[in-house]
Amino acid sequence: MSEPSESSVRADVSGWLESNWDPDLGLNEWRNKLVDSGWGMPEWPTDWFGRDFSASLVRAVEQEFAKQGAIGVARGGIRLLAAATLLEHGSTAHKEQFLRRILTGEDNWCQLFSEPGSGSDLAGATTRADLDGDQWVVNGQKLWTTSAHHANWGLLLARTDWDAPKHEGLSYFVIDMRQPGVDVQPLAQMNGHASFNQVFFDDAVVERGHLIGEIGKGWQVAMTTLAHERRRADGLRSGYSDVGADIERVGRIYDEEQVETATVMEPYTWYPQRAGRVDLALSRALDSGRIEDPTVRQELAKLLILSSSAEWTARRARAAQQMGKPQGPEGSLGKLAASHVARAAARVHTLISGADAMLAGSDGAEDGIVAEILLSVPAVSIAGGTDEIQRNIIAERVLQMPKETRFDKGPFRDVPKNVSTRLAGENE
Amino acid sequence: MSEPSESSVRADVSGWLESNWDPDLGLNEWRNKLVDSGWGMPEWPTDWFGRDFSASLVRAVEQEFAKQGAIGVARGGIRLLAAATLLEHGSTAHKEQFLRRILTGEDNWCQLFSEPGSGSDLAGATTRADLDGDQWVVNGQKLWTTSAHHANWGLLLARTDWDAPKHEGLSYFVIDMRQPGVDVQPLAQMNGHASFNQVFFDDAVVERGHLIGEIGKGWQVAMTTLAHERRRADGLRSGYSDVGADIERVGRIYDEEQVETATVMEPYTWYPQRAGRVDLALSRALDSGRIEDPTVRQELAKLLILSSSAEWTARRARAAQQMGKPQGPEGSLGKLAASHVARAAARVHTLISGADAMLAGSDGAEDGIVAEILLSVPAVSIAGGTDEIQRNIIAERVLQMPKETRFDKGPFRDVPKNVSTRLAGENE
Amino acid sequence: MVWPPMVSAQFHFTEEQDQFRDMVRRFLVDTSPTTEVRRLMQTDAGYDAAVWQRLARELGLTGLTIEEKHGGAGFGMVDVCIAMEEMGRALLCAPFLASSVLAAHAIALVASEEDAGRLLPSIAAGEVIATLAITEPDGRPGVDAIALPAERTGDGFVLDGRKHFVLDGCSADVLLVAARSPGSTGSDGLSLFEVAPDAAGVTRRALTTLDPTRKQASIEFDGVQARLLGRVDEAGPGLVRTLDIAAIALANEMVGGAARLLEDTLAYTKIRMQFGRSIASFQAIKHRCAEMLLQVELAKSAAYYAAEAMDAESDEATYLASLAKAGASEAYLHTAIEAIQLHGGIGFTFDQDTHLWFKRAKSSEVMFGDPAWHRERMMQALIVKERASSEAQMGQPA
Amino acid sequence: MVWPPMVSAQFHFTEEQDQFRDMVRRFLVDTSPTTEVRRLMQTDAGYDAAVWQRLARELGLTGLTIEEKHGGAGFGMVDVCIAMEEMGRALLCAPFLASSVLAAHAIALVASEEDAGRLLPSIAAGEVIATLAITEPDGRPGVDAIALPAERTGDGFVLDGRKHFVLDGCSADVLLVAARSPGSTGSDGLSLFEVAPDAAGVTRRALTTLDPTRKQASIEFDGVQARLLGRVDEAGPGLVRTLDIAAIALANEMVGGAARLLEDTLAYTKIRMQFGRSIASFQAIKHRCAEMLLQVELAKSAAYYAAEAMDAESDEATYLASLAKAGASEAYLHTAIEAIQLHGGIGFTFDQDTHLWFKRAKSSEVMFGDPAWHRERMMQALIVKERASSEAQMGQPA
């Protein structure tokens, strides 16, 4: 069956919106309509709330939504990674249970992969799931779990076989986060924020049917989740960001959406600061008069060269992607470039600040934002894959240099691993 | 037998010098006297031209020589490494044949360890020595051989067993450099100098008796040579450098010594430039007026901080050594620090030069010395053990971090190795 | 100013441009292997006349940006930069930068239509090699540093003084000389003159260059009669633009050289065995190569972007020219240093090719202004712009 | 100047100094574990009075360099620096830098013998905590930046203005305030005053600091009656020397912190397993640790050397103070950044201790002048010296 034409799709969706879209609806009511209509997730299969559309048609649909200021399905957090994973590896029962409420925003999800003992080495997870009668009993600890305190469901990677090699002893589950055996604790960061949680499992249970994929094949399922995560990070959803910019966003549904967005975005409030705030560096140098110092000009110029070049490199990567050209090396470099930019920005902010760099809070420059920059910058080169991992990836995948020798091939039981760190909040 | 007192030694040696030292003697005649007297190499065993003196008595002897301006035994090149190796591993016949002419300066030596295919990995040598009747037949190629064109004897590390593990298949020989099968070719460097040679062996022969140590134990013998080389590099032979500075050095023997020194030092003429000439950076900035540029001042200051700190670190290491304190980490860092200094110096010289950095020879700044700095600096971080090897050594020996996994343990025949590079001058 | 400045850039090459690049690369692989580079760098002229003719006839490179009416191809800056990048990869020894970039643009931007019609066709055809003499013995970059006086004598001009660092100055057939009316400063009072190299009072001397693959000359003008090109005292803006174009072209040449060095170094580390394994398998080497790639790709992005900005006649062209030049200088030198280092001792020998690019990198680093000068220049451009924009905002009704 | 400047330095510590270091280290291991650091950094005073008393009585640290006649130990700068290095390792929260270094030296170098006899014994005994207020809200380092006016009124002086960045300014019992006679500039016209914190017109406010382990205050002086210490207008040289001493002391504190961070990071990389091996076995990590060691040891050498130069009353002390401070700042920050990085995500948590040193490193980097300022200052000292020496040479008969 050939795809419909873009113009017919545009006509269909705008017609449907004209009949159905109403800013005074409740968010949940509207989204249920949307899910039923297939316009909310047109790239999804027709069996599951979608229309099996190609990317270009999806863009057309999104543009029509934007033109009318219509709100789409819920997208915040990791819900769409969960959905993509369930679509690929879940049973019909899983899809029936979870997909709709993912799109309506009624359910919130979190991703339970990372552990204190396995940072860069996700497959080294030691949280265990043991089958006991009709349920899996989970014990262990996860870390770096964004929004775990808002989630009612978690995507859990846990070890079910200790005698298999590392990657073959893991299984993948959906776990109910609102049960006594699950304890979510915020994790304070050195910059004073707490964007992540620790999650402790103490005889927590997963019902037998909530295994996703096969026992021992959890790593493959997790790879699906991670691939979608990477795609999201690389992807460019703009290109029509100015469409519908003149729509006045008034109505009950916008207010409800704003609350939802605020909750989802709360862990990320300090992210502009961790990126180094290059924008502020220039204006601070000008406003403070520090621009008169030739050393400040030299260092600022270095920063601007670096950050502009990084931005243009990202644009080159996107342009190539949009033209369907093969991915050049420029695509893999963004994360590493961001670390360099952030560190250089911190240096320049310090140089501009002088003694003021010793101050924070309301005493600090720019009402404490500069202090937050200085204390947040170290996160860029760690979070989401350390610089070391990025360099490995670039060397091995882009430059085709030899892979590191593996030291973790035998039964996982025998692989050297970290003694689990037991922090406050856990009862053994 | 207890050692004589320092004062009696001083009296003895100064008395002997008063009777024997004469600047109008020929260099060779004087050195033969010196060798027979035991005053030329007092740290050597009494059986072999020495007096078995401790380091402090040796220093006293040297000071008395310096006071009278008396010339010592030949020390240039690698002759003393050869002698130390022969003293430890050579037979009586070897010592009789070689030691005297080492000290008189009549024989010149070179060290044939490095190869094109085994740079940082000396034990990976593939030059072969095969026993054929009463002689060893040598084929292969050595590289980075200083003064090979002046040498009549060479210390040769060659492979005699290809089925043994890498370090166990090597043997150590003394080879006659003046034979048809040995071809010495100067090796041009990117800076225009030629401090080293390539040496090609094409059915060159070593007489059977010139094996040093046992067959297959060549690596252990080479370690002796290398240990003495390192000691010489670390050692501080000054502390009395001002003694005898006012002696007028006039006489036939001084002229002969000057010729000897010039020959030995010839490969090293560009070494001050490869070190970066920090001294010149400061004076050039002042003389050219570039010091008025705040950026030049900043960069120059960074260079001075680095180079002074490196110098003081070296002094700390020497002070600890002289006090008999355990070696601190500062001792291992000199080579690595020198690379940083040299690179920073090249940057500063470029900054001071501006467009003049494009010129060389008589058109170049400081009559071409600056161009020589810019083109010689890359040598510092490579020669005598690359920065990478230094960092490995510091990490593993000083910081006690785990050693690299070995990939070259089996029979050498099976170890992946470089195809020998065949350059001009070799006939297969 | 929007940050970072965004001209209407493509951020990619067109299919035609990709084909053009392929063509140039194939040609240079054939005609400029390092054996040829080594041969030519020993010669006085420093280039192969036959290859130059082929560049002109087969590829049309010599007149790449010269207008079609003057016999050129009428291409843009992006195309010049593609050519320069490929020439940087191949380390081509040829007067392209001097004649087809510097001189051709100076004429197009400064000279009268009549003079352009007289001079450009033979440059485009590769029959005449021209060069531009700007920098003087003090080595200071930029047009402000031009001090050589042009004295008006009756109906003509007389030049007295010395130009230094003149690219291909000894082999050029036409010398374009930037000179100053006595008493003027800055970019005012500058004029461009044409001088025949065999004119009375001209003495040319080859400079000994650190990079033997690019020839430079010192030229003395001793009461030399010179022919004015364009209007007297009004060459300043055209010369500034010419130097911006040259800086962008050079930046692209540099990223080409850097990319080639990285490729060659990667290839070497993969085959070079130490301790029973390829040195490319050592993590420290891998991580440094990853950083080299990052430096090279960042510098490429800036060099490409600046070329697009120049084609778009962007206000930011000066800013971006300096940004691209400073970025490429640091990236190229870093890559060259690392390339030698990762080749080990072999990399320091004359026989191994890395030093050829190292010397080009070192020399290009300071040509047309060193990185610190370009950083200062980009900041001055930015400050002027920022102050103008904040004044404009204050002047506007809220 | 001989290059690098060489004072009559030992380049090693004496046996007594080694013992002194051991004693301080043992004491601080007991009294300043990070649990204590975390407890104290949450308090207003920022130090433990009982530990301070023990520092005074058991170790005699509070009066370490105060002359014996004033109740101190009469030790030299090298000993202060040993103590500071150990305090930096342990991240001791205490007013040692404020009271025993800044204030004690300012009094010794500026005040009259009588005032010194009155003030120093209680500082030496740890009974009184004094501090020195120099820097003002604009944050500019050095004595030239002192602007706060001291107006003579009859028989006394009145201060009006604000001091910022006053170390332990809220908990100090005695405030020493550097002020300027109206109309003076540079290091002329400076005087040192004693002010009681509860004097009329004094308002103290704790500043919110990036590094919570070191407290700072902003102090307003509103028509405050102040007691002159030493001669009016002549405090300049003593204050310069005090700041040099403080910079050297801080440099030594910094290298202590850096060395500790390196040790802790090494220990962590050795036990931390990833991919079935300790991360210390990854070559990229090994090489970075080797570079960290190099940075730390180089900075140590400069910090030690500057301390010896100060004890030797070397002419180069100012030059060396700035050199040591700039070097230590860069090394400490680099080490702290690398330490967090090599701890991975754990290193960014509040629970893990690395950030405590990171914040100290960041704050110390700019305290008493940032690295760029100190580099400029050392170059100015060097230029003055070089010019004097070349003039002296020219004046000499050949």
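Throughout, protein chains are lettered first and strands after them, A, B, ... in sequence-line order, and every chain is numbered starting at 1.
- Most heavy-atom pairs under 4.5 Å with chain C: of the set B/Val415, B/Asn191, B/Asp414, this distinction falls to B/Asn191.
- Taking CG of C/Leu207 as the reference point, atom CG of B/Asp356 lies at 9.5 Å (rounded to 0.5 Å).
- Interatomic distance, CG of B/Asn392 versus CZ of C/Phe282, reported as 7.5 Å (0.5 Å rounding).
- Residue C/Glu365 touches chain B through its side chain alone, counting heavy-atom pairs closer than 4.5 Å.
- Once rounded to the nearest 0.5 Å, the distance linking CG of B/Leu351 with CH2 of C/Trp373 reads 14.0 Å.
- In the displayed structure, C/Arg205 atom CZ is contacted under 6.0 Å by more than 12 heavy atoms of other residues, nucleotides or ligands.
- There is no contact between B/Lys409 and chain C, counting heavy-atom distances below 4.5 Å.
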Would you sort out whether B/Asp363 and C/Thr209 count as a side chain to side chain contact (heavy atoms under 4.5 Å, CB included), showing the intermediate values?
CA-CA 8 Å; B/Asp363 285 318; C/Thr209 48; over 6 Å; no

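- Neither the backbone nor the side chain of C/Ala339 comes within contact range of chain B, judged by heavy atoms closer than 4.5 Å.
- For B/Ala383, no part sits under 4.5 Å from any heavy atom of chain C, backbone or side chain.
- In this structure, B/Asp121 CG and C/Arg272 CZ are separated by 9.0 Å, a value rounded to the nearest 0.5 Å.
- The candidate with the highest count of non-hydrogen atom pairs below 4.5 Å against chain C, out of B/Ser362, B/Ala194, B/Ser376, is B/Ser376.
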Quick one: do B/Thr350 and C/Val366 satisfy side chain to side chain contact (heavy atoms under 4.5 Å, CB included)? Show the steps, please.
CA-CA 8 Å; B/Thr350 305; C/Val366 299; 3.5 Å; yes

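- Nearest heavy atom pair, residue B/Pro416 against residue C/Met273, reads CB-SD, 3.8 Å.
- What you find for B/Pro378 and C/Phe358 is that their closest heavy atoms are CG-CZ, 3.9 Å.
- Within the 3.5 Å criterion, the main-chain N or O of B/Lys417 finds no donor-acceptor partner in the side chain of C/Gln274.
- In this structure, chain B has a heavy atom under 4.5 Å from the side chain of C/Phe165, while its backbone stays farther away.
- Residue B/Ala355 comes nearest to C/Gly139 through the heavy atom pair CB-O, 3.5 Å, listed as atom of the first residue, atom of the second, then distance.
- At a 4.5 Å heavy-atom cutoff, the contact between B/Asp387 and chain C is made by backbone and side-chain atoms alike.
- Neither the backbone nor the side chain of C/Ala284 has a heavy atom closer than 4.5 Å to any heavy atom of chain B.
- When each of C/Ile340, C/Thr349, C/Thr354 is paired with B/Met190, the side chain to side chain contact (heavy atoms under 4.5 Å, CB included) condition holds for C/Ile340 and for no other.
- The nearest pair of heavy atoms linking C/Gln341 to B/Ser381 is OE1-OG, 2.6 Å.
- Looking at C/Gln216, the atoms closer than 4.5 Å to chain B (heavy atoms on both sides) all sit in the side chain, from C-beta outward.
- Proximity to chain C is limited to the side chain of B/Glu404, based on heavy atoms less than 4.5 angstrom apart.
- Minimum interatomic distance between C/Ala372 and B/Thr295 (heavy atoms only, all atoms of both residues): CB-CG2, 4.3 Å.
- Contact of C/Phe368 with chain B is not made at all, since no heavy-atom distance falls under 4.5 Å.
- Heavy-atom distances place the backbone of C/Ile271, and not its side chain, under 4.5 Å from chain B.
- Note that CG of B/Leu375 and CG of C/Leu210 are 4.0 Å apart. Values are rounded to the nearest 0.5 Å.
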Quick one, B/Met358 with C/Arg214, criterion side chain to side chain contact (heavy atoms under 4.5 Å, CB included). Give me CA distance, side-chain angles, the key distance, then yes/no.
CA-CA 10 Å; B/Met358 293 191 285; C/Arg214 188 130 63 192; over 6 Å; no

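- For chain B, no part of C/His343 is nearby; none of its heavy atoms comes within less than 4.5 Å.
- Atom OG1 of C/Thr208 and atom CG of B/Leu359 lie 8.0 Å apart (nearest 0.5 Å).
- Of the listed residues B/Ser120, B/Ala357, B/Ala346, B/Ser114, the one with more heavy-atom pairs under 4.5 angstrom with chain C than any other is B/Ser120.
- With a threshold of 4.5 angstrom between heavy atoms, B/Arg391 approaches chain C through side-chain atoms but not through N, CA, C or O.
- Heavy atoms closer than 4.5 Å to chain B are found nowhere in C/Glu330, neither backbone nor side chain.
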Run the side chain to side chain contact (heavy atoms under 4.5 Å, CB included) test on B/Phe407 and C/Ser281 for me, step by step, so that the C-alpha distance in whole Å, both residues' side-chain angles and the decisive distance to 0.1 Å come before the verdict.
CA-CA 11 Å; B/Phe407 288 76; C/Ser281 73; over 6 Å; no

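- Looking at C/Arg140, neither its backbone nor its side chain comes within 4.5 Å of chain B, counting heavy atoms on both sides.
- Under the 3.5 Å distance criterion, the side-chain polar atoms of B/Gln189 are left unmatched by any main-chain donor or acceptor of C/Phe350.
- Only the backbone of B/Thr405 comes within less than 4.5 Å of a heavy atom in chain C; its side chain stays farther off.
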